[in-house]
Amino acid sequence: MGTGQTTRKPRSQAKKKGYKRKTWLCNRARDTDQIQDDIEKAERTGRPADQIAYDDDLSGGGQFYCVETGKHFTDAKALADHKKSRYYKRRCKDLKEEKYTQDVAEWAGGMTREVLPPAHGKGS
């Protein structure tokens with residue numbers, strides 16, 4: 001039997017939970033619909049989505065960018081290794097699916113707009 005603390009400090013678990021939530025949000029990957037928007041924008045403008053001007057703040061100067069996952073890499077070898085990974089292949093498969101729009105959400109929620117025939121025929 002130890003002689004240590006028998007009860008927890010108040011809010012100790014809440015502090016851990018807040019820290020984990022904050023760090024998770026900072027490192028969160030971009031959503032598939034955001035990436036699909038980027039790809040569509042690149043197709044409309046005719047400018048490749050992975051062409052980024054040199055930036056010292058980004059890893060690898062922003063020159064090695066994976067469009068499908070939205071991540072920057074330090075060199076070409078790291079990018080090539082990433083493109084062989086399971087995460088990359090799964091993300092490419094997800095991007096091939098149809099984009100989730102507001103119309104799909106309304107249809108799934110039962111908010112469809114039905115055009116019903118008149119109940120009592122046309123009035124004279």
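Keep in mind that the numbers below use all heavy atoms, side chains included, and drop hydrogens, waters and symmetry copies. This structure is a prediction, so every number in the text was calculated from the model and none was measured.
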Report summary line: Tyr65 and Gly70 have their tightest heavy-atom pair at OH-CA, 3.4 Å
**Report entry** Aromatic ring pairing Tyr88/His82, orientation class (parallel under 30°, perpendicular over 60°, tilted between)
**Finding:** perpendicular
Query raised in the report: In this structure, are over 12 heavy atoms from other groups packed under 6.0 Å from Gln34 atom CD?
Result: yes
Query raised in the report: Do you know which two heavy atoms are closest between Pro48 and Ala42, and how far apart they sit?
Result: C-CB, 4.4 Å
**Report entry** Lys41/Asp37 ion pair, N-O < 4.0 Å
**Finding:** no
Query raised in the report: Are Val67 and Ile52 connected in the hydrophobic side-chain network, where two residues link if heavy atoms are under 4.5 Å apart?
Result: yes
Requested in this report: Take Arg90 and Asp94 through the salt bridge (Lys or Arg N to Asp or Glu O under 4.0 Å) test and state the conclusion after the steps.
Outcome: CA-CA 6 Å; Arg90 188 176 297 147; Asp94 291 342; over 6 Å; no
Query raised in the report: Okay, side chain of Gln63, backbone of Gly60: is any donor-acceptor separation there less than 3.5 Å?
Result: no
Query raised in the report: Where do Lys17 and Gln13 land on the side chain to side chain contact (heavy atoms under 4.5 Å, CB included) test, with the steps shown first?
Result: CA-CA 6 Å; Lys17 187 166 72 170; Gln13 295 296 322; over 6 Å; no
Query raised in the report: Which of these, Leu58, Asp55, Leu79, sits in a side-chain contact (heavy atoms from CB on, under 4.5 Å) with His72?
Result: Leu58
Query raised in the report: From Glu98 CD over to Gln36 CD, what is the distance, rounded to the nearest 0.5 angstrom?
Result: 9.5 Å
Query raised in the report: Taking all non-hydrogen atoms of both residues, which atom of Ile35 and which atom of Arg91 are closest, and how far apart?
Result: CD1-NH1, 3.0 Å
Query raised in the report: Can you tell if the side chain of Thr32 reaches within under 4.5 Å of the side chain of Glu97, non-hydrogen atoms only?
Result: no
